[in-house]
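Notes to accompany the following structure.
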Amino acid sequence: SIRRQRQLCIRDRSYHIVGGEIEFEMVSLGEYRINLVQYFDRFQTDNPNPENQVRVYIFRNSDGLEMSNHILNLDAESLVSYTNPECSWEQLTTSRVIWTGVVVLNPEDYPDIGGYSIVWERCCRNAGIKNIINPGGTGMKYVTEIPPLLGTDNQLFTNSSPQLFAPLGDYACINQLYYTEFTGIDPDGDSLVYSLARPLNSSSAVALPIPQPAPHPLVFFSEGYNLDNMILGNPSLSISDRGLLRVNPSESGLFLFSVVVEEFRSGLKIGQVQRLSLIHISEPTRLLSIAGAGLCVKKKRGGGGGGGGGG
């Protein structure tokens, strides 16, 4: 199984994006900060550095009209700490990268009750992903839906999207229960509800597709996988409406999944963020049981092992 994991890592080197999301934050009257948050595989060498700039598009949901597009600048990068390091593979290292920009949007230009979508696209995905068809030719699409910036009473609608989510790009052990809080916070105190969703595909297979409005294309699952079984196991991958993600995986590999975070205020849905993520599931060399809980431990090079628990 160790040899199999090493082969998987090498095959995946050319495809460096693990997952991510878009954040939208109100700064002041007519000023908003947009963040593109991505998680990168830092071990690969073909694309070692993130771009200096990315461009996101804002569309009106009711008819798909492009309202504006904005350049975001590379702002920060930090390494991700894993919730279950004992199940990690030393040749996979993930960093969190943020592009950001403060944009000026006139609320009077964004009054549509159907809201708006902020969109970014890229192609393609890790060729070794197990649960979708043709991953090396399948892109990714990040979408955050926001409410109108001007309310029905012609007053400024104050809102920021959910943010500060737990990092992506984690590890799990085969036949060991993995669970983590996949939650964020809402700056306005809105209620957040979590659910699994079919991952989005890019609008074309070119490296930098021009983002398009809805309807958003979806990935195609490999045989045996579907929305209820994106990662096979007992239980298979699931998430509670409060954001507790869990799975007891029955096979190793690299798996794609997506989570939608819906935002509610006074019982009405006002927006949502769709997060894309990969999880690497490994076959442990040996298992320990501590306090009745199964624990995955991977031997390190040079001998010796470690202990610890998943989130």
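- Distance OG/Ser258 to CD/Glu21: 10.5 Å, rounded to 0.5 Å.
- No donor-acceptor pair under 3.5 Å is formed between the side chain of Tyr32 and the backbone N or O of Ser28.
- If you chain together hydrophobic residues whose side chains sit under 4.5 Å apart, Leu237 and Ile174 fall into the same group.
- Cation-pi geometry between Arg33 and Phe24 is not satisfied (NZ or CZ under 6.0 Å from the ring centre, within 45° of the ring normal).
- For residues 192-213, the set of pairs meeting the ring pair (Phe, Tyr, Trp, His ring centres under 6.0 Å) definition, not counting sequence neighbours, is empty.
- Residue pairs meeting the side chain to side chain donor-acceptor pair (under 3.5 Å) criterion with at least one member in residues 239-248, sequence neighbours excluded, do not occur.
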- Task: Might you work through the salt bridge (Lys or Arg N to Asp or Glu O under 4.0 Å) test for Lys130 and Glu251, ending with a clear yes or no?
- Result: CA-CA 10 Å; Lys130 198 169 185 177; Glu251 58 179 342; 3.2 Å; yes

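- Residues Leu208 and Glu51 form a side-chain contact, since some pair of their non-hydrogen atoms from C-beta on lies under 4.5 Å apart.
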- Are Leu278 and Ile129 close enough, and set up right, to give a side-chain contact (heavy atoms from CB on, under 4.5 Å), and what steps lead you there? CA-CA 8 Å; Leu278 291 174; Ile129 295 175; 3.5 Å; yes

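- Looking at heavy atoms from C-beta onward, Met230 lies in side-chain contact with Pro199 at the 4.5 angstrom threshold.
- Taken together through direct or relayed side-chain contacts under 4.5 Å among Ile, Leu, Val, Met, Phe, Trp and Tyr, Val54 and Tyr57 form parts of separate hydrophobic clusters.
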- Working for side-chain contact (heavy atoms from CB on, under 4.5 Å), residues Gln53 and Leu72: CA-CA 6 Å; Gln53 295 181 328; Leu72 310 181; over 6 Å; no

- Carefully, step by step, assess Arg96 and Val37 under the rule side-chain contact (heavy atoms from CB on, under 4.5 Å). CA-CA 7 Å; Arg96 183 177 189 261; Val37 182; 3.7 Å; yes

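- Linking ILVMFWY side-chain heavy atoms closer than 4.5 Å, directly or via other members, places Ile132 and Leu227 in a single hydrophobic cluster.
- Judged by distance alone, the side chain of Arg198 and the main-chain N or O of Val219 form a donor-acceptor pair under 3.5 Å.
- The CG atom of Asn201 sits 7.0 Å away from the CZ atom of Arg125 when rounded to the nearest 0.5 Å.
- The 12-atom threshold is not exceeded at CG of Asn234, counting heavy atoms of other residues, nucleotides or ligands nearer than 6.0 Å.
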- Task: Might you work through the side-chain hydrogen bond (donor to acceptor under 3.5 Å, both in side chains) test for Ser191 and Glu263, ending with a clear yes or no?
- Result: CA-CA 6 Å; Ser191 300; Glu263 183 182 7; over 6 Å; no

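- Between Trp99 and Gln38 the shortest heavy-atom distance is CZ3-NE2, 3.3 Å.
- Side-chain contact, Ser68 with Tyr110: a donor N or O sits under 3.5 Å from an acceptor N or O.
- Looking at every heavy atom in both residues, Gln212 comes nearest to Val119 through O-CG1, 3.9 Å.
- Taking all atoms of both residues into account, the shortest heavy-atom contact from Ser117 to Asn61 is OG-OD1, 2.6 Å.
- Atom OG of Ser202 sits about 12.5 Å away from atom CD1 of Ile210, to the nearest 0.5 Å.
- Between the side chain of Asn229 and the main chain of Leu232, no donor-acceptor pair closer than 3.5 Å is present.
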- Message: One pair to check against ring-ring contact (aromatic ring centres under 6.0 Å, His included): Tyr225 and Phe257. What are the steps and the verdict?
- Response: CA-CA 11 Å; Tyr225 300 94; Phe257 68 96; over 10 Å; no

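- Using a 4.5 Å heavy-atom cutoff, the side chains of Leu36 and Ile98 are not in contact.
- Sorted by first and then second residue, the pairs that involve residues 133-153 and meet ring pair (Phe, Tyr, Trp, His ring centres under 6.0 Å), not counting sequence neighbours, are Trp120-Tyr142.
- Under the rule for a salt bridge (Lys or Arg N to Asp or Glu O under 4.0 Å), Glu23 has no partner lying at least two apart in sequence or in another chain.
- Counting only heavy atoms from C-beta outward, the side chains of Asn126 and Leu254 approach each other to under 4.5 Å.
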- Audit row: Phe59, Met67, side-chain contact (heavy atoms from CB on, under 4.5 Å) steps and yes/no: CA-CA 5 Å; Phe59 298 100; Met67 302 297 297; 5.9 Å; no

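- Residues Leu29 and Glu31 form no side-chain contact, since every pair of their non-hydrogen atoms from C-beta on lies 4.5 Å or further apart.
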Name each donor-acceptor pair under 3.5 Å that joins a side chain in residues 143-159 to protein atoms two or more places apart or in another chain, with its distance.
from   : atom 1 : to     : atom 2 : distance (Å)
Thr144 : OG1    : Ile22  : O      : 2.7
Asp153 : OD1    : Gln155 : N      : 3.0
Asn159 : OD1    : Arg265 : NH2    : 3.0

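- Here the side chain of Glu121 pairs a donor or acceptor atom with the backbone of Ser203 at under 3.5 angstrom.
- Residue Leu192 holds its CG atom at 9.5 Å from CD1 of Ile185, rounded to the nearest 0.5 Å.
- Grouping the Ile, Leu, Val, Met, Phe, Trp and Tyr side chains by contacts below 4.5 angstrom, directly or via other members, places Leu200 apart from Val260.
- In this structure, Leu218 and Lys141 have side chains that are not in contact, with every pair of non-hydrogen atoms separated by 4.5 Å or more.
- Looking at Ile270 and Asp190, their side chains come closer than 4.5 Å, going by heavy atoms from C-beta outward.
- Across Cys123 and Ser204, no two heavy atoms sit closer than the pair CB-O, 4.1 Å.
- Checked by atom type, the side-chain pair Ser222/Asn131 shows no donor-acceptor distance below 3.5 Å.
- Summarising the geometry of Gly30 relative to Pro107, their closest heavy-atom pair is CA-CD, 4.2 Å, with the distance given to 0.1 Å.
- Relative orientation of the Tyr171 and His280 rings is perpendicular, given thresholds of 30° and 60° on the angle between their planes.
- Looking at Leu245 and Leu196, their side chains come closer than 4.5 Å, going by heavy atoms from C-beta outward.
- In this structure, CD1 on Ile231 lies 9.0 Å from OG on Ser236, to the nearest 0.5 angstrom.
- Proximity of a side-chain donor or acceptor of Ser62 to a complementary backbone N or O of Gly114 within less than 3.5 Å is not detected.
- Under the 3.5 Å distance criterion, with hydrogens and angles disregarded, a donor-acceptor pair is assigned to the side chains of Thr100 and Asn35.
- Across every non-hydrogen atom of Ala205 and Cys124, the tightest pair is O-SG, 3.9 Å.
- By the salt bridge (Lys or Arg N to Asp or Glu O under 4.0 Å) test, Asp228 is found to be paired with no residue, residues two or more places apart in sequence or in another chain being considered.
- Here CG of Leu65 is found 12.0 Å from CD1 of Ile58. Values are rounded to the nearest 0.5 Å.
- At a threshold of 4.5 Å between side-chain heavy atoms, the hydrophobic network of Ile, Leu, Val, Met, Phe, Trp and Tyr places Leu276 and Val97 in one connected group.
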